[in-house]
Amino acid sequence: MNCKEAVQEISSYLDESLDEDLKRTLKAHLKCCHHCQVIFDTTRKTVELYCDGKLFPLPDEVRSRLHAALRKKCQPPSR
Ligand SMILES: [Zn+2]
């Protein structure tokens with residue numbers, strides 16, 4: 001998994017819509033990639049703010065805005 005893929009999966013992961021295999025792959029990437037760890041932390045905090053600490057799915061609109069923001073934010077070094 002490269003950084004671009006990892007960033008794409010992060011919001012799905014936080015949304016609990018990622019399958020176990022991808023979760024494992026993403027976690028492994030986060031362990032060894034500081035860049036994506038930071039994005040993961042930031043995104044998680046953003047999601048927590050949106051949800052006010054309660055567990056409910058992100059509205060589609062919010063999720064797509066989040067995806068767009070992440071894509072802008074992450075300029076993978078591989079590009
Ligand atoms: Zn990465």
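Below, all heavy atoms of this structure are taken into account, side chains as well, without hydrogens, waters or symmetry copies. Atoms within each ligand, like the ligands themselves, are counted from 1 in listed order. For reference, positions follow the sequence shown, starting with 1.
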Practice task
Only counting residues at least two apart or in another chain, list the ones meeting side chain to side chain donor-acceptor pair (under 3.5 Å) with Asp19.
Solution key: none
Practice task
Please report the shortest heavy-atom distance between Gln37 and Leu30, naming the atom on each side.
Solution key: NE2-O, 2.6 Å
Practice task
Taking all heavy atoms of Cys36 and all of Ile10, pick out the closest pair and write down the distance.
Solution key: O-CD1, 3.9 Å
Practice task
Not counting sequence neighbours, list each pair that qualifies as a salt bridge (charged side-chain N to carboxylate O under 4.0 Å, His left out) and has a residue in residues 30-42.
Solution key: Asp41-Arg44
Exercise for the section: Apply side-chain contact (heavy atoms from CB on, under 4.5 Å) to Thr25 and list each qualifying residue two or more places apart in sequence or on a separate chain. Expected result: Met1
Handout entry: Spacing of Lys27 atom NZ and Phe40 atom CZ [to the nearest 0.5 Å]
Key = 8.0 Å
Exercise for the section: Tally every protein N/O/S atom whose distance to the Zn ion (ligand 1) is less than 2.8 Å; waters are neither shown nor counted. Expected result: 4
